[in-house]
Amino acid sequence: MLQREADWHGLARHLTVAPFAVIVIFLFLATVSQPAQSQTYSVIYDFTGKGSDGATPYGGPILDRSGNLYGTTYLGGKYGSGSVYKLSRSGSSWAYSSLYSFKGVTDAAGPAFGSLAAGADSGLFGTTEGGREFGTAFEICACPGREIIVHRFGVGTDGAQPIGGVVSDTAGNLFGTTSLGGAYGNGTVFEEKRSGDSWTESVI
């Protein structure tokens, strides 16, 4: 009698495990049998660092609704301190245009690892690692060649070297981080609050 009960229990366990194993095997085969997606890699622009062309594009570009790319280079540009550029589709190729060249100590220098943020007014916002003090938050207006310094870092405890770029909210305010400075010397999280044409920076 005990042997018969053991046999029934063994059969029940087998019937429970077997369907589960079949399902697992089926799902595994379904995933490995999917055809691999073909991918194509192509270079759409080579930076030269000559003239107003940029060099060392650390931060990735952003894409607008028309398919144009906007980005920064850490070096290069007309003064060697970095640049903001635009890449536009032109048939099967891309056309490069320099939107702004940073001037260095008197202006700003070295837009580093953060990507740009697009504003509602078609402005492009970002940060630089260096400049007259210890980095800036900037806006490049839609018309090439015009820059607005939103904030200069390194005064008081507002932070220094904002290398990570900024993000924008629906009201047009900017948020970002600094890698150094602040109350304890270890960096800050900051907000740039817009009021008309002026900006107010605060450490949050």
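- Looking at residues two or more places apart in sequence or on another chain, you find a side-chain contact (heavy atoms from CB on, under 4.5 Å) between Leu180 and Ala160, Gln161.
- Distance check, rounded to the nearest 0.5 Å: OH of Tyr100 to CG of Asp107 gives 3.5 Å.
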Apply the test side-chain contact (heavy atoms from CB on, under 4.5 Å) to residues Val166 and Phe125: give CA-CA distance (whole Å), side-chain angles for both, the deciding distance (0.1 Å), then the verdict.
CA-CA 7 Å; Val166 291; Phe125 297 92; 3.9 Å; yes
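- For the residue pair Ser52 and Ser101, no side-chain donor N or O sits within less than 3.5 Å of a side-chain acceptor on the partner.
- Counting only residues at least two apart or on different chains, no salt bridge (charged side-chain N to carboxylate O under 4.0 Å, His left out) pair has a member in residues 66-90.
- Listed by chain and residue number, nothing satisfies the side-chain hydrogen bond (donor to acceptor under 3.5 Å, both in side chains) test with Tyr85 (two or more places apart in sequence, or in another chain).
- Ile149 and Leu124 fall into different hydrophobic clusters, defined by Ile, Leu, Val, Met, Phe, Trp and Tyr side-chain heavy atoms under 4.5 Å apart, directly or through other members.
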N/O donor-acceptor pairs under 3.5 Å from side chains in residues 56-72, not counting sequence neighbours:
unit_1 : atom_1 : unit_2 : atom_2 : d
Asp64  : OD1    : Ser66  : N      : 3.0
Asp64  : OD1    : Gly67  : N      : 2.9
Asp64  : OD1    : Asn68  : N      : 2.8
Asp64  : OD2    : Asn68  : ND2    : 3.1
Asp64  : OD2    : Tyr70  : OH     : 3.3
Asn68  : OD1    : Ser88  : OG     : 3.2

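- Heavy atoms only, all atoms of each residue included: Ser81 and Gly104 are closest at OG-CA, 3.4 Å.
- Taking Ser90 as the reference, Ser93, Ala95 meet the side-chain contact (heavy atoms from CB on, under 4.5 Å) condition, with sequence neighbours excluded.
- With sequence neighbours left out, Asp46 forms a side-chain hydrogen bond (donor to acceptor under 3.5 Å, both in side chains) with no residue at all.
- Applying the salt bridge (Lys or Arg N to Asp or Glu O under 4.0 Å) criterion to Glu139, with sequence neighbours excluded, gives Arg194.
- Applying the side-chain contact (heavy atoms from CB on, under 4.5 Å) rule to Thr178 yields the partners Phe153, Pro162, Thr188, Phe190; only residues at least two apart in sequence or on another chain are considered.
- Taking OG of Ser179 as the reference point, atom CZ of Phe134 lies at 11.0 Å (rounded to 0.5 Å).
- Not counting sequence neighbours, the partners of Asp53 by the side-chain hydrogen bond (donor to acceptor under 3.5 Å, both in side chains) test are Tyr45, Thr48, Tyr96.
- Under the 4.5 angstrom side-chain criterion for Ile, Leu, Val, Met, Phe, Trp and Tyr, the cluster partners of Val189 are Val167, Phe175, Ile204.
- The minimum heavy-atom distance linking Asp197 with Trp199 is given by the pair O-CD1, 4.2 Å.
- Hydrophobic cluster membership of Val43, counting Ile, Leu, Val, Met, Phe, Trp and Tyr whose side-chain heavy atoms lie under 4.5 Å apart directly or via other members: Tyr41.
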Does the pair Asp158 and His151 meet the rule for a side-chain contact (heavy atoms from CB on, under 4.5 Å), with working shown?
CA-CA 10 Å; Asp158 62 341; His151 183 74; 2.7 Å; yes
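- Across all non-hydrogen atoms, the minimal contact from Ser83 to Thr73 is OG-OG1, 2.7 Å.
- Within the 4.5 Å cutoff, no side-chain heavy atoms of Glu192 are placed close to those of Thr200.
- The side-chain contact (heavy atoms from CB on, under 4.5 Å) check on Ser198 picks up Ser195, with sequence neighbours excluded.
- Residues Thr127 and Thr136 are not in side-chain contact: their nearest non-hydrogen atoms beyond the backbone lie 4.5 Å or more apart.
- The minimum heavy-atom distance between Pro111 and Phe102, with the atom names listed, is CG-CE1, 3.7 Å.
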